[in-house]
Number of protein chains: 4
Amino acid sequence: MPKSNLQTRDDDEQEEKAVPTNVSGQRLKSFLERIERLEEEKKALAEDIRDVYSEAKSLGFEVKIMRKIVSLRKTNVEKRREEAELLELYMSAIGMAE
Amino acid sequence: MPKSNLQTRDDDEQEEKAVPTNVSGQRLKSFLERIERLEEEKKALAEDIRDVYSEAKSLGFEVKIMRKIVSLRKTNVEKRREEAELLELYMSAIGMAE
Amino acid sequence: MPKSNLQTRDDDEQEEKAVPTNVSGQRLKSFLERIERLEEEKKALAEDIRDVYSEAKSLGFEVKIMRKIVSLRKTNVEKRREEAELLELYMSAIGMAE
Amino acid sequence: MPKSNLQTRDDDEQEEKAVPTNVSGQRLKSFLERIERLEEEKKALAEDIRDVYSEAKSLGFEVKIMRKIVSLRKTNVEKRREEAELLELYMSAIGMAE
DNA sequence: ACCGTGGTTAGCTTTC
DNA sequence: GAAAGCTAACCACGGT
């Protein structure tokens, strides 16, 4: 692939100045880099989580059960949040919002 | 389900002291908390990413296309990594590792 | 569409009779038709659901709230199912499965 | 949350008679039940579809490719339908409808 | 008519 | 290698 201002290549760090290359391209590049940085962090966290499970497993805990518990607690939290939203909907429906 | 030291409920913050509750329960609880902490961070990052996309969108960039680019760059990176691994494999195979 | 190598292994012993049309092709066609039939039915049901919401709306009910309620009830059901699974996991973990 | 005739809970099957509970509540409940019934059927169909794919897979067909085919056929059908509609439009435009 | 949201689906990763 | 859980893309709905 030849030079492209859509930034499919990730290793050209030159040309900061001279060329009046279009601004939105720079802008886009910046966004993409931010996103990729964040995704890397996210991926790292996913690995950390796996590591914790591994550690627990090595100490004799059952991963499957742990996952289930985590999942259940999560749905509890979500349910509560949704109930709150429902309540808000009721309130706004009867003109008592805010 | 009676009280359980497997912590299926998420809102008991008591019993810091007295009861000689079993150690593995404590251990498990600790693991679960670490996991949930990490998952929260992960979730926060996911939101950050969405925010970046939103910001870009508000400046006129097309999110769909941006996602495509990110995806393509990722597979490129992976391909490159796989090629590198393959190279290492070759090297070690012919005794030139390191 | 010409003869297709879609099927990874070829385990049709021999043809039933005259036409040498390949059997797996017939088989595949049959599967696809079954799937498409089912998807049509599914789609029809989705429309029915929309109709019910519309009807309710025309009688003054708030669709948004209804959806929320349906969603909440669904997660309740799921939670219960997950709790049951967790219990099963416990049971099997302590050798009391069945 | 106190007793509510908005039916956020899903396991009360009592009160068939006595309380002259408001009619719209009954009405709403009826709608919700219809919807949930339909959604169950929809879910069942989704499972049927998955089963068909599984069966095909067990006979050596590649699910991924099958999905692709189904998808392609669907868009073809849609395209054809749109063309037909366009044709009808033309016909009626020049007074040759029906 | 568009946007934003939520729900659904498909593809990927990981686990057993 | 199959099964499940996770994630991301897609689509359809409702609101503005």
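Values in this document were obtained by computation on a predicted structure and should not be read as measured data. To find a chain, count down the sequence lines: A is the first, B the second, and so on, and within it residues start at 1.
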Whole angstrom is fine here: how far is it from [atom1] in [X] over to [atom2] in [N]?
| X | N | atom1 | atom2 | answer |
| --- | --- | --- | --- | --- |
| A:F61 | E:dT15 | CZ | P | 19 Å |
| A:E36 | F:dA8 | CD | P | 13 Å |
| A:D48 | F:dC6 | CG | C1' | 17 Å |
| B:L45 | F:dC6 | CG | C1' | 16 Å |
| A:I65 | E:dC16 | CD1 | P | 12 Å |
| C:R81 | F:dA4 | CZ | P | 11 Å |
| D:D51 | F:dA2 | CG | C1' | 15 Å |
| A:L38 | F:dT7 | CG | P | 15 Å |

Assess D:R67 against D:Y53: is NZ or CZ under 6.0 Å from the centre of the six-membered ring, and within 45 degrees of the ring's axis?
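That pair qualifies as a cation-pi contact.
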Which residues pass the side chain to side chain contact (heavy atoms under 4.5 Å, CB included) test with D:E40, sequence neighbours left out?
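For D:E40 there are no side chain to side chain contact (heavy atoms under 4.5 Å, CB included) partners, ignoring immediate neighbours.
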Can you name the salt bridge (Lys or Arg N to Asp or Glu O under 4.0 Å) partners of A:R50, sequence neighbours left out?
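By the salt bridge (Lys or Arg N to Asp or Glu O under 4.0 Å) rule, A:R50 matches no residue at all.
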With D:R81 via salt bridge (Lys or Arg N to Asp or Glu O under 4.0 Å) - residues at least two apart:
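Per chain and number, D:R81 pairs via salt bridge (Lys or Arg N to Asp or Glu O under 4.0 Å) with D:E85.
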Axis bend over the full length of the helix from E:dA1-F:dT16 to E:dC16-F:dG1, computed from five pairs that close each end, to 10 degrees:
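Its terminal axes enclose an angle near 0°.
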Let me confirm one number: the [atom1]-[atom2] distance from [X] to [Y], rounded to the nearest 0.5 Å.
| X | Y | atom1 | atom2 | result |
| --- | --- | --- | --- | --- |
| A:E39 | B:K74 | CD | NZ | 4.5 Å |
| D:M91 | D:M96 | CE | CE | 4.5 Å |
| C:E83 | A:K68 | CD | NZ | 10.5 Å |

Nearest-nucleotide wise, let me know which of A:R50 and D:Y53 is further upstream toward the 5' end of DNA chain E.
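The 5'-side residue here is D:Y53.
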From F:dG15, F:dA2, E:dT14, pick the nucleotide closest to the side chain of C:K64?
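When the side chain of C:K64 is considered, F:dG15 is the closest of F:dG15, F:dA2, E:dT14.
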Might you list the N or O atoms of the protein lying below 3.5 Å from N or O atoms in nucleotides 6-9 of chain E, with each pair's distance?
residue : atom : partner : partner atom : Å
E:dT9   : OP1  : C:K42   : NZ           : 2.3

Pairing donors with acceptors under 3.5 angstrom, does anything connect the side chains of A:T75 and C:E78?
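Side chains of A:T75 and C:E78: no pair found under 3.5 Å.
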Check: residues 30-37 of chain C side-chain donor-acceptor pairs under 3.5 Å, at least two apart:
residue : atom : partner : partner atom : Å
C:R34   : NH1  : D:E55   : OE1          : 3.3
C:R34   : NH2  : D:E55   : OE1          : 3.2
C:E36   : OE1  : D:R73   : NH2          : 3.4
C:E36   : OE2  : D:R73   : NE           : 3.1
C:R37   : NH1  : C:E41   : OE2          : 2.8

Touch class at under 4.0 angstrom, heavy-atom based, for A:K57 against every strand present
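Sugar-phosphate, backbone atoms only, no base.
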